[in-house]
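Some notes on the structure that comes next.
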Protein chains: 2
Amino acid sequence: MDLDERKLKILQAIIRNYLETGEPVGSRTISKYTDLNLSSATIRNEMADLEELGYIIQPHTSAGRIPSDKGYRLYVDHMILEKEEQLNQATQEVKEMHKILLEREDKMESVLKQMAKMLAENTNYATMISAPQVRGNKLKFIQISRVDPRQILTTIVVEGNVIKNSIISVADPLDDETLLKLNILLNTNLNGLAIESINLAMISKLKQQAGVYADLVGEVMDVVASVIKDDENIEIYTSGANNIFKYPELADNQRASELITTFEEKQMLSELVQDTLTEDKGTGIQVYIGNETPVKTMKDCSVVTATYELEEGMKGTIGIIGPRRMDYDKVISTLKTLKSQLDTIYKKSDEES
Amino acid sequence: MDLDERKLKILQAIIRNYLETGEPVGSRTISKYTDLNLSSATIRNEMADLEELGYIIQPHTSAGRIPSDKGYRLYVDHMILEKEEQLNQATQEVKEMHKILLEREDKMESVLKQMAKMLAENTNYATMISAPQVRGNKLKFIQISRVDPRQILTTIVVEGNVIKNSIISVADPLDDETLLKLNILLNTNLNGLAIESINLAMISKLKQQAGVYADLVGEVMDVVASVIKDDENIEIYTSGANNIFKYPELADNQRASELITTFEEKQMLSELVQDTLTEDKGTGIQVYIGNETPVKTMKDCSVVTATYELEEGMKGTIGIIGPRRMDYDKVISTLKTLKSQLDTIYKKSDEES
DNA sequence: TGTTAGCACTCCATAGAAACGAGTGCTAAT
DNA sequence: ATTAGCACTCGTTTCTATGGAGTGCTAACA
């Protein structure tokens, strides 16, 4: 048996209604809700069919129906296609983000934090944003300077303008000439190289050329290495974790505690980021319903993610986490608009600079 | 009427018992619990007195008693004095921190994060740590370098080795000589100055001397200014927020949601940090019971804070947030030990460098 | 005079019973 | 194919015991 037009309409009505109320919806409600002009009895028959097909579930014999994961999935897939043209819907809130992005602060960190917060406030769900991941980055600039007689400041810039500093202590003060020589040594040998491609042989060669300052060069190389290390545990910013308390189905102690922990230990979220980045099939938007999510503690949630891309292949993820009955419609179109803005604005303003 | 020895002992027994169980404690329990060898009837009389004095409360007529804020306060004040000598009690967990601190990473951020986490795991309460606040700091080093033809990297180091970078875009490439000249200009004029003391007159003088590069110097000064701005919203790291679910009196939706929000919006916690730093009377440990806390959303919690101090007057705060019936004993001694270790270890390892 | 045993009383917590009502499935009529 | 009608199910809410923990008070005791 396939889904005819009418069944689809009924299913849609059930889901819409359930998204709003969070209560199982009965046949009588649907009978009024839709423009089909059918009696509740007819609806009941159809609902029995839909249940048999696995699109809806009856929590107990005398209750209404709620959508199953399969039902949600159908709804979402259907909806995304439909929405394609009316992209400019959720403009209201996204315009504010536009503004934030334009007056972009020096620290990308604070931009992302603010964005997460704003998204959370507008959607009433929990949000997460991962900082763009830098991969295969090339060293753009490396420099050591004397901050005071015993302290050397290392500054490293990689493509994408990620900057890393560290202070190294030295036993004997370096004079200006040595400093200059070492800087030239480092830059001529390392500039333009992908960090991953720096191997042991190169390091030992460098150390050899540095002579008595081999130790110092070694420490500088440690700093270089730490750029990669930093990169491995991706920065993730979250906001609106408290929103889960607005949805009774998530707010019981057991679940709430788990979810809060998940948001706190951002590490678990990074699985989600990874999955999103690898699974991305081109649309850039992904929906995980219930158990589909790669994070087990979120099995009672739905997650909608978007990947955004800056220039130079830096990719990041935005995620919205809410109950199964989240307003997919609004969330997806919000994310779509935001994504497209991010993609374009960031690119543009980076070309300026 | 004053508190005689016996009343004190009874009060103490009540509190101890309540801390453990979280249930109102009755006279019979106390009669067995203490070594006073008194019947429950006698205890009842004493308890009636204690209640009249305001140290304990009866939730309802036929229930046992629970400590009032006044009772907790007495207990805590008493206990702190008693504990003074047995400082080495909570060594177990603190030794691990010792280790972390010794192998201290370059980023203070990650040390503090880890510390917060470890504290939370050991105590089963929520924790917060504020990064040391830098005040009245002097510029130690300032430098601009050319990263690529159109991009200038600004690096600023202030006392305490706080480093700040920013990339500035320029329309026309700068040659080496100009760069050197500007660096000398900036360093000779600004080095050693407290950032707060840089005024408009100096800036305009600098700009004048920079000639055609006045704009660039202006942007550099903006970066300098942002060091202060960064400082104003203190970095605060939290951990173990989910622990509040372990205490039923905090775990109802209303309260939990408020608390989670408080931990998320670190801003509210900064009030606590401020209060702790200003109220500190020398012991370095402070206890806020219930309504005593400056953060309203925590009125059902108790907070124990410690201020730690690194060299150069950099002060930070560690806080442990739990239910009113937190294990003050353990928390206070843990914080004391940790504080003393932080005070000494950090100082020492900074002298090394 | 301080302590204790005993007892009536209070009041929360728990469990069960009863009433309710939303919603269903099925049947028979249209 | 649709619908009205009806018996039935089952979760939710409300009410009513019942039990027990704990108290305050009184009277007896050392």
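Any value given below was found using the heavy atoms of this structure, including those in side chains, with hydrogens, waters and symmetry copies removed. Letters A, B, ... are given to chains in the order of the sequence lines, protein chains preceding strands, and every chain is numbered from 1.
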Measure [atom1]/[X] against [atom2]/[N] and give the value in whole Å, please.
{"X": "A:I66", "N": "D:dG11", "atom1": "CD1", "atom2": "P", "value": "14 Å"}
{"X": "B:Y18", "N": "D:dG22", "atom1": "OH", "atom2": "P", "value": "14 Å"}
{"X": "A:I43", "N": "C:dT24", "atom1": "CD1", "atom2": "P", "value": "10 Å"}
{"X": "A:N45", "N": "C:dT24", "atom1": "CG", "atom2": "P", "value": "11 Å"}
{"X": "A:E52", "N": "C:dG25", "atom1": "CD", "atom2": "P", "value": "11 Å"}
{"X": "A:E23", "N": "D:dG11", "atom1": "CD", "atom2": "P", "value": "15 Å"}
{"X": "A:I57", "N": "C:dT24", "atom1": "CD1", "atom2": "C1'", "value": "17 Å"}
{"X": "B:L36", "N": "C:dT3", "atom1": "CG", "atom2": "C1'", "value": "13 Å"}

Tell me the closest heavy-atom pair linking A:D69 and A:G290, and the distance in Å.
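Nearest pair, atom of A:D69 first, then A:G290: OD2-CA, 4.1 Å.
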Check whether the side chains of B:Y237 and B:T127 place a donor and an acceptor atom closer than 3.5 Å, and report yes or no.
no
Record whether the side chain of A:T61 comes under 3.5 Å of the base of D:dT9 through a donor-acceptor pair of N or O atoms.
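A donor-acceptor contact between them is absent.
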Base C:dT10 paired with B:S62 side chain (donor-acceptor, <3.5 Å):
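A donor-acceptor contact between them is present.
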Which part of the nucleic acid, if any, lies within reach of B:S27 when heavy atoms closer than 4.0 Å are counted: base, sugar-phosphate only, or nothing?
sugar-phosphate
Which nucleotide wins on minimum distance to the side chain of [X], given the candidates [options]?
{"X": "A:M47", "options": "C:dT3, C:dT24, D:dG11", "answer": "C:dT24"}
{"X": "B:A41", "options": "D:dT3, C:dA5, D:dT23", "answer": "C:dA5"}
{"X": "B:R44", "options": "D:dT23, C:dA5, D:dA4", "answer": "D:dT23"}
{"X": "A:Q58", "options": "D:dT3, D:dT23, C:dT24", "answer": "C:dT24"}

Would you please indicate if the ring centroids of A:Y247 and A:Y125 are separated by under 6.0 Å?
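Here the rings of A:Y125 and A:Y247 have centres that are less than 6.0 Å from each other.
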Is the phosphate of D:dG20, meaning OP1 or OP2, less than 4.0 Å from a side-chain N or O of B:R28?
no
May I ask you to verify if any side-chain N or O of B:R65 is less than 4.0 angstrom from the OP1 or OP2 atom of D:dG22?
no
Going through the checks in order, is the side chain to side chain contact (heavy atoms under 4.5 Å, CB included) test met by A:T317 and A:I129?
CA-CA 6 Å; A:T317 305; A:I129 298 195; over 6 Å; no
Is it the case that more than 12 heavy atoms not belonging to A:K117 sit under 6.0 Å from its NZ atom?
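Open: at most 12 neighbouring heavy atoms sit under 6.0 Å from NZ of A:K117.
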